[in-house]
Amino acid sequence: MIVRTEKGLYCPAGDFYVDPHRAVPTAVITHAHSDHARRGMGLYIAHEHCLPLLRHRLNKSINTQSLQYNEPIQLGKAIVSLHPSGHMLGAAQVRVEVDGEVWVVTGDYKREPDPLAEDFQVVHCDTFITECTFGLPIYRWPHPNRVTQSINAWWRRNASRGIVSVIQAYSLGKAQRIALSVDHSIGPVYASQHVYNAHTLISQSGHYLPPTPLLTRDEVLARIHDSTAPIRQALVIASGGVDSALSGIPYAVASASGWTLVRKFRQHQQGFAVSDHADWPGLLQTVADTRCSRVLAVHGFTGAFTRYLREHGYDAHPFDDHDGGRGLGSVDQYTSASWLVDACIAHVGSASEVNALLNASVDGDHSSRELQSATAATAVDATRNTAEDSNDFASDPVNDSVNDSVSDSVAVSADVLHVHCVLMHLHASNSTYGFSKLTMGVWKHDVLVPLVHVGADVDDDVLSDIKQWAVDHTVVEAGPVRTLEPRFVFELSVGGILPAPRRKSGVKIATARIVRLVSTTASDAHSLDDFINTLDGA
């Protein structure tokens, strides 16, 4: 009923695409984040709360069709309806029925409540196409109230020392969730430019958000001696740079992301496990709740997640064109009884940290009754006696934000954006893996343009895979530089963007580094416009 094409997920019976990567006549959009909603569609069909966000991000004149949740429409031979996914404002799952058979495409979703998003709605179906961004058992979210308490405690501690608190969050969705949940009695709350734009748009659409003024240098100077709104007790919710506005004022930076549950993704700064995606128990619970007979997985640990489901009686397969997901390589390499533990260790890089993550105290009220197994217990047993260096992860990772203290000497850190780029060139060296840096590119219309050079700071297994693949997939070899067929898509963290008219991309990137491998489908990379004008992220 739904097939994967180079343009995205396509329904032949209805002649429409769901969240397509390229321009198509009819697109059903699950939500307004830039990796799901792109420019160039003939018609955008989305929930009524999603459309203002799309018009703001893409173009005010785009052709749109508004739907309510649970409102069916006929597209060709298909009956299509949207249902709440809980991911963010206006986010939806897409239910498609043809001749009595029902498929559901989730888009991104979460099971935890959100002050702006409709609660996730279970939709019974025959085939369930699910994301599995966090499809490993180490990803289990603490209760949202615990995370909010941790953010408040960190903010309060900084405020008592005269240190501004900057929390990095996607400007569309997560930033509003944080603004609505934190304790505004601690101090004033400000927003960086993109967050302020998103707040303004959502407020103008009729949704309540607490006052969150734009952080500017003039605002800082005007407020620094104002006893009614002392800037040094402020919380800044940011998705873009704030260094110039806070120049000369000490501030601490924290990230709000599900990835921060794992130590290596915290980038040496504070982390709070705030995610707009389902965790491992949430994914399993949802699969069971839908009563589906088949599961197709996209976006994430597709190989590991679907193998686990197959071992528990489901007809489950990756719906990507690869079976690894997130740089783990083929999940079939893990053949022991504790293969899932091995996959977690390969992702985290530390057996003791996997042990700590699986031992973490997490509320069990959303665990899957049908699919719950001894996975965590098995993992703990398998890792408990593993030899580890002195850098042991003994504390409860979900409470890091309470236990960690803020240094008296606070470094001014750059805010971080994220972009998905295609590996374009390898630059040879005498290193173990034969190259020292990688050229990453993004789409400019239908052409890849170089964006930035980055060091080869990637997991060893990924580097080895790339080296072996590159030998047979080099388009041009000119001296030390190999130009590759576009395939590998990496997520980069980017500390700054500067205009550079002489470059093909038109911009210069500061302090870029590789975060992780996200896909082996080049079309999953961002476009240049999506990156430069980014209002959000995955």
Side-chain angles (χ1 to χ4, degrees), residues 6-7 20-23 33-41 56-59 168 170-172 192-194 197 238-241 243-244 414-428 435-458 466 470 473-538:
E6 64 179 8
K7 293 183 178 181
H21 307 303
R22 295 285 179 268
H33 281 158
S34 60
D35 54 338
H36 290 257
R38 301 175 188 250
R39 290 176 171 82
M41 311 304 160
H56 177 82
R57 278 201 54 251
L58 304 176
N59 192 308
Q168 296 172 346
Y170 290 130
S171 60
L172 184 57
S192 68
Q193 185 68 63
H194 285 310
N197 292 346
S239 70
D243 288 350
S244 60
D415 209 348
V416 178
L417 302 174
H418 291 261
V419 59
H420 292 178
C421 297
V422 178
L423 173 59
M424 297 180 65
H425 308 294
L426 295 179
H427 300 256
F435 51 90
S436 59
K437 63 182 178 180
L438 302 82
T439 299
M440 300 292 186
V442 291
W443 293 103
K444 187 174 183 180
H445 305 298
D446 290 326
V447 177
L448 277 174
V449 294
L451 184 71
V452 66
H453 298 308
V454 292
D457 183 17
V458 193
I466 291 174
H473 296 83
T474 297
V475 178
V476 177
E477 186 171 2
V481 180
R482 286 179 178 266
T483 299
L484 306 180
E485 294 177 12
R487 174 177 177 178
F488 293 99
V489 179
F490 289 89
E491 178 176 327
L492 307 185
S493 64
V494 174
I497 313 171
L498 299 171
R502 294 185 179 182
R503 293 175 178 250
K504 290 182 180 179
S505 64
V507 295
K508 180 180 180 181
I509 304 302
T511 61
R513 62 178 295 273
I514 294 175
V515 176
R516 65 186 186 277
L517 177 69
V518 296
S519 178
T520 55
T521 303
S523 60
D524 288 342
H526 284 147
S527 74
L528 186 63
D529 287 342
D530 283 339
F531 176 48
I532 295 174
N533 300 316
T534 183
L535 182 65
D536 45 46

- request: Enter the distance from H453:NE2 to H427:NE2 here, rounded to the nearest 0.5 Å.
  value: 5.0 Å
message: Within this structure, what is the CD-NE2 distance for the pair E6 and H21, rounded to the nearest 0.5 Å?
response: 10.0 Å
- line: Correct closest heavy-atom pair for A470 and L484 would be CB-CD2, 3.8 Å
field: Evaluation steps, side chain to side chain contact (heavy atoms under 4.5 Å, CB included), between L426 and V481
entry: CA-CA 6 Å; L426 295 179; V481 180; over 6 Å; no
field: salt bridge (Lys or Arg N to Asp or Glu O under 4.0 Å) involving R22 - partner list, sequence neighbours excluded
entry: D446
query: What pair of heavy atoms forms the shortest contact from L528 to L451, and how long is it?
result: CD1-CD1, 4.3 Å
message: Ignoring hydrogens, what is the shortest heavy-atom contact between M41 and A23? Give both atom names and the distance.
response: SD-CA, 3.8 Å
task: Heavy atoms only: give me the nearest C421-M440 pair and the separation to one decimal.
output: CB-CB, 3.6 Å
field: Whether H194 side chain and L172 backbone form a donor-acceptor pair below 3.5 Å
entry: no
- request: Indicate yes or no for a side-chain donor-acceptor contact from H420 to the backbone of H526 under 3.5 Å, with no hydrogens or angles considered.
  value: no
field: Distance (rounded to the nearest 0.5 Å) between E491 CD and R513 CZ
entry: 10.0 Å
message: For the backbone of S527 and the side chain of R39, can you confirm whether one donor and one acceptor N or O come within less than 3.5 Å of each other?
response: no
field: Partners meeting side chain to side chain contact (heavy atoms under 4.5 Å, CB included) with E485 (sequence neighbours left out)
entry: W469, H473, V475
message: Looking at every non-hydrogen atom in both residues, tell me the closest pair between P486 and L448 and how far apart they are.
response: CB-CD1, 3.6 Å
- prompt: What residues, two or more places apart in sequence or in another chain, satisfy salt bridge (Lys or Arg N to Asp or Glu O under 4.0 Å) together with E477?
  reply: R482
- request: Could you tell me whether the side chain of W443 and the main chain of A522 form a donor-acceptor pair under 3.5 Å?
  value: yes
- prompt: Which heavy atom of S505 sits nearest a heavy atom of P450, and at what distance?
  reply: CB-O, 3.4 Å
- request: Would you check if the side chain of T521 reaches a backbone N or O of S523 as a donor-acceptor pair within less than 3.5 Å?
  value: no
task: Find the distance between CG (L517) and CG (L423) and round it off to the nearest 0.5 Å.
output: 9.5 Å
